[in-house]
2 protein chains.
Amino acid sequence: MPERRVTMADVARKAGVSPTTASFALSGRTDMRISDASRERVLVAARELGYRPNVTARSLRTKSTQTIGLVSDRITTTPFAGDVIRGALEAARERDHLLFITEAGGDREAESSLVHALLDRQVDAVIYASMFTRYITPPKELYGRRVVLLNCLAPGFDAPSAVPDEIEAGRDAARALLAAGHTEGIWSIGGHQAVPATPEGIIAGNERMRGLEEVLRAGGARLDGVVECDWDTRDGHREVTALLAAGHRPRALVCMTDRVSLGAYQALGEAGLSVPGDVSVVSFDDQDIASVLRPALTTLKLPHYQLGRLAVELILGEGPLEAVVHRVPMPLQDRASIGTPAEG
Amino acid sequence: MPERRVTMADVARKAGVSPTTASFALSGRTDMRISDASRERVLVAARELGYRPNVTARSLRTKSTQTIGLVSDRITTTPFAGDVIRGALEAARERDHLLFITEAGGDREAESSLVHALLDRQVDAVIYASMFTRYITPPKELYGRRVVLLNCLAPGFDAPSAVPDEIEAGRDAARALLAAGHTEGIWSIGGHQAVPATPEGIIAGNERMRGLEEVLRAGGARLDGVVECDWDTRDGHREVTALLAAGHRPRALVCMTDRVSLGAYQALGEAGLSVPGDVSVVSFDDQDIASVLRPALTTLKLPHYQLGRLAVELILGEGPLEAVVHRVPMPLQDRASIGTPAEG
DNA sequence: GCAACTTGCTAATCCGATTTAACAACGGAG
DNA sequence: CTCCGTTGTTAAATCGGATTAGCAAGTTGC
């Protein structure tokens, strides 16, 4: 049976001082004068009794619970976004904070009620997270609170955002292709996701394409074509198959996700084309499959761990939060799917 | 700025009653006599003021925080185990509870300090979770507390466990093969994981193999061989390649994980063998790739969502927890990788 | 008509800390 | 020998609820 917890009163009694003195000694405040002797006695008593402060009781007075709430749509669900949680968890632990994780499944009402549940428990701050980068409107309960937006943007809402630097990732994809000598026969599979399954999901597509085209153009190259489609394996397979069937002979594919790349690999394989011998592939996201495909996929990694970590670091930083957009680099995972262009 | 929260005292004042009456009216207790008129006035006042009880303050008195802690080694990290979190989250939400998620990375000291951090915050109960099924020793801080073990077993520790029913899964794999007509040329790739990267990680392997062999034998079939190896893509690829090179001609592979299956697919493909025309494949886990491979992989799903949900349901159930092992079924995801045995 | 209940409500206390205000004891200045 | 400031300590209030004990007023019993 969990025996009664040791309270500060127990410590004070054992040390032969008042609870007030014990409190000051334990909190180590210097503005209240406690003799070294008393302080020592309290500390020893606390150690011997295995005293641990009751955070709940403390926070009733201080208002601070050393606790952060994280509200997401479905962030824990997506296969690799667990990294967001891990980054946030580690950063929180380094600072002796705990995280409430919640998931609203995209339901506004659930979102509100979860935020209430968090506020009822006196969380110090809230991280509002999205599964994919998009514009959002935070629930009204969050206005005026200490908030950081993770993987989403809310213009007009006074809070910092942490998002992947998709534009620079697009540029890096182009640079990797140019460096290997690619200047023509370059196709984008997935494009801007202009007709996406998710109407808000256009940030990643637009920004990746913008960076890609900018650097390609500056390097004297260009895109032969952009295939607009959804971003799943099936789409990649279908569209690349169609592309080849239409008589095109691409030298390099820029696939907008690793899942699209997998579909592209399958379609190329079925057509007897090899990667990267016949066709180079560069991708985005760095999901699990990327490193396991044959050949291993060169891709720009979504910095989930860093995003989670940054969100916590921002929220636990000193001073007021400023409505700044923090763009986190997407590192190039340089593997084996880019080669020199195949001969005519 | 977040204006001062509405307290029960505010509600009482507005309703013209004492805080005591307000408390009773709001908590809806029937053992204290409150007139319908007063109750109604309090409820209206609370609604108009948007009153929400301060859970922190309440729990100081009641000891219950409506909060559960989850301690895991690295559960948020593994690609698909986010489902565990989701299951737990949903079950908790249905019961108006919130979850503290923590991750100790396998470090005993970190584990202890996290459990302390949870207890300091007065969590009602703790779920101790493992990434893969294994035997564990819970940190001593958990003894005598309300605990459920998720995906792990601790003989002698007085708490229920929720684990996948690996034995039955092994049986189901065998049944699926038998049903398709396979009786010979059956190989296990991965085996018991008798020399595993993780010395504790033998439960899944042993139990899957046990169920598999039991039903195969009862069905008049048997295993031609068991290839003991680690359970990753690379291992599957290497071992199946070696198997074929040694002149064996398997009709069905039982791969111990989907990653092993992916490796097997690659090796079979390179050898010009087709799935399931030449070789059938049945697998375990049902990771993301399983449904996306070509042909889609028939596999026994690790019931992560159900495990998470069950753990919470157990912990929030009435009465004392009993040290029972709950085996959660692993449903067969019947896809396209099993066919009738190839001729001679 | 008075004791014994019932009904409806509230004052006071508690939970475990933090924090404010005040109070002894002592030393030095004048 | 006072007066004042310093030092070390503590009583009491506070945070926002839950709970216990008790108190008026109205009802019933005989």
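Just so we're clear, the structure is a prediction, and the values are computed from it rather than from any experiment.
Both B/T21 and B/R58 lie close to DNA chain C; mapped to their nearest nucleotides by heavy-atom distance, the more 5′-ward contact belongs to B/T21. Comparing B/V6 and A/S38 by the nucleotide of DNA chain D that holds the closest heavy atom to each, the one mapping nearer the 5' end is A/S38. Nucleotides of DNA chain D nearest to B/A57 and A/I34 differ in position, and the one nearer the 5' end is that of A/I34.
Scanning both residues, B/V42 and B/V11, for their nearest heavy atoms gives O-CG1, 3.7 Å. The nearest pair of heavy atoms linking A/P53 to A/Y51 is CA-OH, 3.3 Å.
Defining each end axis of the helix from C/dG1-D/dC30 to C/dG30-D/dC1 as the rotation carrying four pairs' C1' atoms onto the next four, with five pairs an end, the two axes are found to diverge by 70° to 10 degrees.
Comparing D/dG16, D/dT9, D/dT7 by their nearest atom to the side chain of B/L60 picks out D/dG16. Of the listed nucleotides (D/dA13, D/dT19, D/dG16), D/dT19 has the atom at the smallest distance from the side chain of B/F24. Ranking D/dT14, D/dA18, D/dG17 by closeness to the B/T62 side chain, first place goes to D/dA18.
Annotation: side chain of A/I68 is in contact with side chain of A/L316 (closest heavy-atom distance under 4.5 Å).
Atom-to-atom, CZ of A/R29 to P of D/dG8 comes out at 16 Å; the value is rounded to the nearest Å. The interatomic distance linking A/R121 (CZ) with D/dC15 (C1') rounds to 19 Å, in whole Å. Separating the CZ atom of B/R4 from the C1' atom of D/dG16 is a distance of 11 Å, rounded to the nearest angstrom. Between the P atom of D/dT20 and the CE atom of B/M32 lies a distance of 7 Å, rounded to the nearest Å. Following rounding to the nearest Å, A/D31 (CG) and D/dT7 (P) show an atom-to-atom distance of 14 Å. The CD atom of B/Q66 sits 15 Å away from the P atom of D/dG17 (whole-angstrom rounding).
Salt-bridge formation is not detected for the pair B/R93/B/E90: no Lys NZ or Arg NE/NH1/NH2 atom is positioned less than 4.0 Å from an Asp or Glu carboxylate oxygen. At a threshold of 4.0 Å, the pair B/K301-B/D83 does not count as salt-bridged, since none of the basic side-chain nitrogens sits closer than that to a carboxylate oxygen.
For D/dA13, neither phosphate oxygen OP1 nor OP2 lies less than 4.0 angstrom from any side-chain nitrogen or oxygen of A/R61. Considering only side-chain N and O atoms, B/S23 lies under 4.0 angstrom from the phosphate OP1 or OP2 of D/dA18. Distances shown here put every side-chain N or O of A/T20 at or beyond 4.0 Å from the OP1 or OP2 atom of D/dT10. For the OP1/OP2 pair of D/dG16 and a distance below 4.0 Å, the side-chain nitrogens and oxygens of A/K63 include at least one atom meeting the criterion.
Remark: A/R309 fails to qualify as a cation-pi partner of A/Y305 under the 6.0 Å distance and 45° angle criteria applied to the six-membered ring.
In this model, a side-chain donor or acceptor of A/R33 finds a partner on the base of D/dG8 within 3.5 Å.
Checking A/Q66, A/R5, A/R58 one by one against B/D120, the side-chain hydrogen bond (donor to acceptor under 3.5 Å, both in side chains) holds for a single residue, A/R5. The side-chain contact (heavy atoms from CB on, under 4.5 Å) test with A/Y128 is passed by exactly one of A/I136, A/N151, A/L150, A/V148: A/I136.
Among the protein residues, B/M8 comes within range of the sugar-phosphate backbone only, with heavy atoms under 4.0 Å from sugar or phosphate atoms but none that close to a base. Here B/T7 lies in heavy-atom contact (under 4.0 Å) with sugar-phosphate atoms only. Residue-level contact check: A/R39 touches neither bases nor backbone, having no heavy atom under 4.0 Å from any strand. Contact annotation for B/V17: backbone-only contact, meaning every heavy-atom pair under 4.0 Å involves sugar-phosphate atoms and none involves a base.
No hydrogens or angles considered: a donor-acceptor pair under 3.5 Å links the side chains of B/T67 and A/R121. Between the side chains of A/S23 and A/T20, not a single donor N or O lies within less than 3.5 Å of an accepting N or O.
Of all nucleotides in DNA chain C, those with any atom nearer than 4.0 Å to a heavy atom of chain A start and finish, going 5' to 3', at C/dG16 to C/dT20.
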| message | Using side-chain contact (heavy atoms from CB on, under 4.5 Å), reason through B/L43 and B/L26 one step at a time and then give a plain yes or no. | response | CA-CA 7 Å; B/L43 262 25; B/L26 287 167; 3.9 Å; yes
